[in-house]
Participant: 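Structure incoming, see below.
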Amino acid sequence: MGLIYGDLLAGSGQTFGRILAKPKICQVGHNRCLMSITLSKKAIILVTVPLIFEVGFVVGLSWLLHGVQYERERENHAREISTHVNGALVSLLDRFSSCILYHVSDSDAFRQRFANSRAKIQSELKTLHEIVAPYPEEKSRIDELSDKFVGCGEDLQRAQGQLELGDKMQAAKMWIKADRQIESLLAAIDNIVVLQQKDIERRRLNQKNMLAVVDWVLPLAVAFNILLAFALVFYFNRSTTRRLETLIDNTVRLAIAKPLNERIGGDDEFAHLDGTFREMAAALAESRRKEQAVVENAADVICTIDREGAFAAVNPAVEALWGYSEDQLVGEPINRVVFAEDFKATVQAIADIVASRQKEGSFENRIVRADGRVVDFAWSAHWSAEDRALFCVARDITERKEVDRMKRDFVAMISHDLRTPLTSIQMVLSLLDAEAYGQLSDNGHEKLAAAEANVDRLIGLVNGLLDLEKMESGKLELLCEPCPVASIVKAAIGAVSGFAEQQGVRLEGPSSSTLCDRHGDLIVYADKDRIVQVVINLISNAVKFAPNGSTVALLAERDKGFARLAIVDQGRGIPADMLEAVFDRFQQVEVGDARVKGGSGLGLAICKAIVERHGGRIGVESVEGRGSTFWFTLPENVV
């Protein structure tokens with residue numbers, strides 16, 4: 001960098017020297033002189049010279065502003081010292097007056113005030129020592145002042161001790177001694193305050209002077225830099241404009257694939273850049289070769305399908321994943337590899353992508369390998385209207401599909417191998433409870449009731465898992481029909497009223513005749529049994545967590561083509577970070593809820609799945625400690 005700047009300054013110095021020494025030089029000589037400076041040096045001059053001045057101005061302004069900041073800090077430092085010195089003095093005078101007032105009145109309040117003032121003095125002195133620690137001169141003055149404070153305090157403490165012993169005469173002597181020391185202390189404080197005030201005034205004057213310098217340096221620096229930049233640009237522009245125009249024209253010709261202009265002569269950056277343009281075609285070809293290499297080495301199948309539905313290009317990964325060579329597939333229709341049962345759906349998915357606004361999408365299908373094995377693939381596709389082709393990336397998802405099949409097998413195992421034995425156990429427990437196998441003791445009945453509750457809970461968990469799996473897999477059939485909201489609410493409240501009464505919770509809602517009439521015209525198109533299940537679940541949860549003697553209200557209203565049902569409780573509420581998570585599987589607001597309140601943690605997840613299968617939405621609004629409002633919407637029945 002040193003050589004570059006040295007060469008730069010030498011070249012620029014020679015150039016300016018020639019201009020000043022030979023103002024009548026011919027135009028040709030002038031141009032040759034300018035061309036002796038390369039474009040890089042010109043650019044460095046255009047950037048560096050103003051930048052050097054700008055950096056100089058910035059450094060100067062930064063130094064001035066730093067000085068202003070320093071002066072302000074020192075001013076605040078002086079003011080802070082005065083404040084804490086005055087605070088210590090006030091506490092000392094308070095200590096002196098408290099001692100005298102205690103002597104006069106024998107009041108414990110003044111005695112306590114006397115003790116508290118000592119702590120205040122120590123605190124102020126400690127703060128003062130911390131403030132002046134970095135400044136030796138101030139530290140020595142504060143140390144001297146601190147000794148006087150301590151001396152006065154000790155005399156006052158001795159006077160208080162004499163008062164405690166009942167020797168008021170000796171206490172009065174200590175007061176007189178302390179009073180003399182306070183006079184000396186006040187003189188020392190006055191001296192410090194005067195010094196600090198002078199320091200504050202000096203700092204303020206320094207700040208004012210520095211800010212005044214900033215006020216005239218800043219506009220001067222901006223104006224100078226602007227003028228300097230314009231002067232340099234004007235000077236170099238005359239020799240570079242024509243060559244730059246040629247270069248710009250070459251960029252346009254390169255973009256539209258036309259031959260470039262004749263090579264630019266010279267040895268400056270324009271000439272080198274012109275050579276770069278002439279090598280651009282080769283560079284672009286190399287770039288295309290590299291892109292092709294990426295495609296050829298990709299682990300997924302990358303292919304292009306033309307508008308006739310045939311493979312226009314495929315990458316080599318197709319041989320490893322599908323068993324076909326590139327030559328075997330190019331030109332072949334896509335139905336050669338797509339499983340016959342999936343072909344119609346694949347064609348429809350492609351048509352949807354072509355017709356969509358984004359011109360892209362994804363779908364899944366099965367591919368028949370060359371060896372006859374069927375594998376699952378997920379496709380990501382983008383339709384190019386310009387190329388009239390579909391660009392696709394196909395990823396093998398056979399293992400994921402296998403996991404899904406294992407999941408379904410597990411659910412089937414739960415259904416047949418777990419639910420049936422649990423039902424049998426439940427029947428045996430019912431017979432035991434009915435004393436079909438003999439009379440049980442009271443303890444036996446208690447144990448049996450606990451076992452029945454656990455079996456019921458486990459059966460409910462299994463049924464919930466099965467229902468949730470059916471809903472998420474889309475296999476749950478809904479028997480939808482027009483259904484009045486009032487009848488849904490009435491059925492749900494009737495089912496949980498006994499539980500609410502047992503918990504000491506009052507239910508309010510459209511189950512009353514008045515409210516039923518009010519919402520009698522509110523009809524939804526839904527599977528009534530499933531929606532009743534949702535309402536029962538939400539009301540049961542509200543009752544379960546509602547305090548004894550509170551109310552759970554059920555509201556129903558029309559909302560822009562939807563029926564909106566809301567269950568409002570007065571329970572403990574839900575934390576803000578749990579408002580979305582409560583609808584996940586096995587989620588409880590608190591860790592102990594499942595043990596204390598019961599439940600599997602699947603109820604709200606099932607409610608969400610049912611509502612969303614109906615085309616509605618579900619959510620909760622809650623403030624912790626003020627109750628919750630669980631709500632869901634269903635489309636109104638359109639006649």
Side-chain angles (χ1 to χ4, degrees), residues 411 460 462-500 507-544 552-569 579-580 582-585 587 599-622 628-639:
V411 173
V462 172
N463 290 335
L465 282 172
L466 293 173
D467 286 345
L468 198 56
E469 184 60 32
K470 288 179 181 178
M471 295 172 193
E472 292 182 350
S473 62
K475 295 181 179 179
L476 181 67
E477 295 184 2
L478 298 177
L479 304 177
C480 295
E481 59 182 0
C483 182
V485 171
S487 65
I488 295 174
V489 174
K490 184 175 181 180
I493 291 182
V496 297
S497 58
F499 175 63
L507 297 179
E508 289 183 358
S511 60
S512 67
S513 59
T514 302
L515 292 177
C516 281
D517 292 340
R518 176 184 172 188
H519 295 285
D521 61 341
L522 189 54
I523 300 175
V524 295
Y525 187 73
D527 185 328
K528 180 178 178 180
D529 292 337
R530 289 295 181 181
I531 299 303
V532 169
Q533 178 185 354
V534 171
V535 179
I536 289 175
N537 200 319
L538 295 178
I539 296 177
S540 298
N541 280 349
V543 170
K544 188 186 302 182
V552 172
L554 182 60
L555 309 176
E557 60 183 358
R558 181 176 284 107
D559 183 15
K560 298 179 182 178
F562 286 82
R564 186 179 189 274
L565 281 78
I567 291 82
V568 184
D569 65 54
L579 290 178
E580 294 184 8
V582 292
F583 292 100
D584 295 339
R585 295 186 183 190
Q587 240 346 307
S600 62
L602 292 175
L604 291 179
I606 293 174
C607 290
K608 181 180 180 182
I610 292 174
V611 171
E612 290 180 349
R613 280 294 306 277
H614 281 79
R617 296 187 304 117
I618 189 170
V620 59
E621 300 167 0
S622 180
S628 305
T629 299
F630 282 85
W631 57 268
F632 67 93
T633 62
L634 295 172
E636 273 196 272
N637 181 56
V638 179
V639 181

Participant: What heavy-atom pair brings Val568 and Leu555 nearest, and what distance separates the two atoms?
Facilitator: CG2-CD1, 4.1 Å
Participant: Taking salt bridge (charged side-chain N to carboxylate O under 4.0 Å, His left out) as the test, write out the residues that go with Glu621, two or more places apart.
Facilitator: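 Salt bridge (charged side-chain N to carboxylate O under 4.0 Å, His left out) check on Glu621 returns Arg564.
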Participant: Does the side chain of Leu604 reach to within under 4.5 Å of the side chain of Leu538, using non-hydrogen atoms?
Facilitator: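 In short, these two side chains touch, coming nearer than 4.5 Å.
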Participant: Within the distance-only criterion (no hydrogens, no angle test), does the side chain of Ser628 pair as donor or acceptor with the backbone N or O of Ser622 below 3.5 angstrom?
Facilitator: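 Not a single qualifying donor-acceptor pair exists.
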Participant: Any non-hydrogen side-chain atom of Phe632 less than 4.5 Å from a side-chain atom of Val534?
Facilitator: yes
Participant: What pairs with Lys528 under side-chain contact (heavy atoms from CB on, under 4.5 Å), at least two apart in sequence or on another chain?
Facilitator: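 Partners of Lys528 under the side-chain contact (heavy atoms from CB on, under 4.5 Å) test: Cys483, Ser487, Ile488, Val532.
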Participant: Do you know which two heavy atoms are closest between Leu522 and Glu636, and how far apart they sit?
Facilitator: CD1-OE2, 3.6 Å
Participant: Could you tell me if the side chain of Val535 sits less than 4.5 Å from the side chain of Leu565, heavy atoms only?
Facilitator: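 Side chain of Leu565 against side chain of Val535, heavy atoms only: contact under 4.5 Å found.
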Participant: So do Arg617 and Trp631 actually touch side chain to side chain, heavy atoms under 4.5 Å?
Facilitator: yes
Participant: Would Phe499 and Val543 satisfy side-chain contact (heavy atoms from CB on, under 4.5 Å), going step by step from the backbone distance to the final call?
Facilitator: CA-CA 8 Å; Phe499 175 63; Val543 170; 3.6 Å; yes
Participant: Restricting to non-hydrogen atoms, name the atom on Leu479 and the atom on Asp527 that form the minimum distance, rounded to 0.1 Å.
Facilitator: N-OD2, 2.9 Å
Participant: Can you name the residues that form a side-chain contact (heavy atoms from CB on, under 4.5 Å) with Val496, not counting sequence neighbours?
Facilitator: Leu507, Ile536, Ile539, Ser540
Participant: Which residues pass the side-chain contact (heavy atoms from CB on, under 4.5 Å) test with Pro635, not counting sequence neighbours?
Facilitator: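 Pro635 satisfies side-chain contact (heavy atoms from CB on, under 4.5 Å) with Phe562 once adjacent residues are dropped.
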Participant: Given side chains that start at C-beta, do those of Gln533 and Ile606 come closer than 4.5 Å, heavy atoms only?
Facilitator: yes
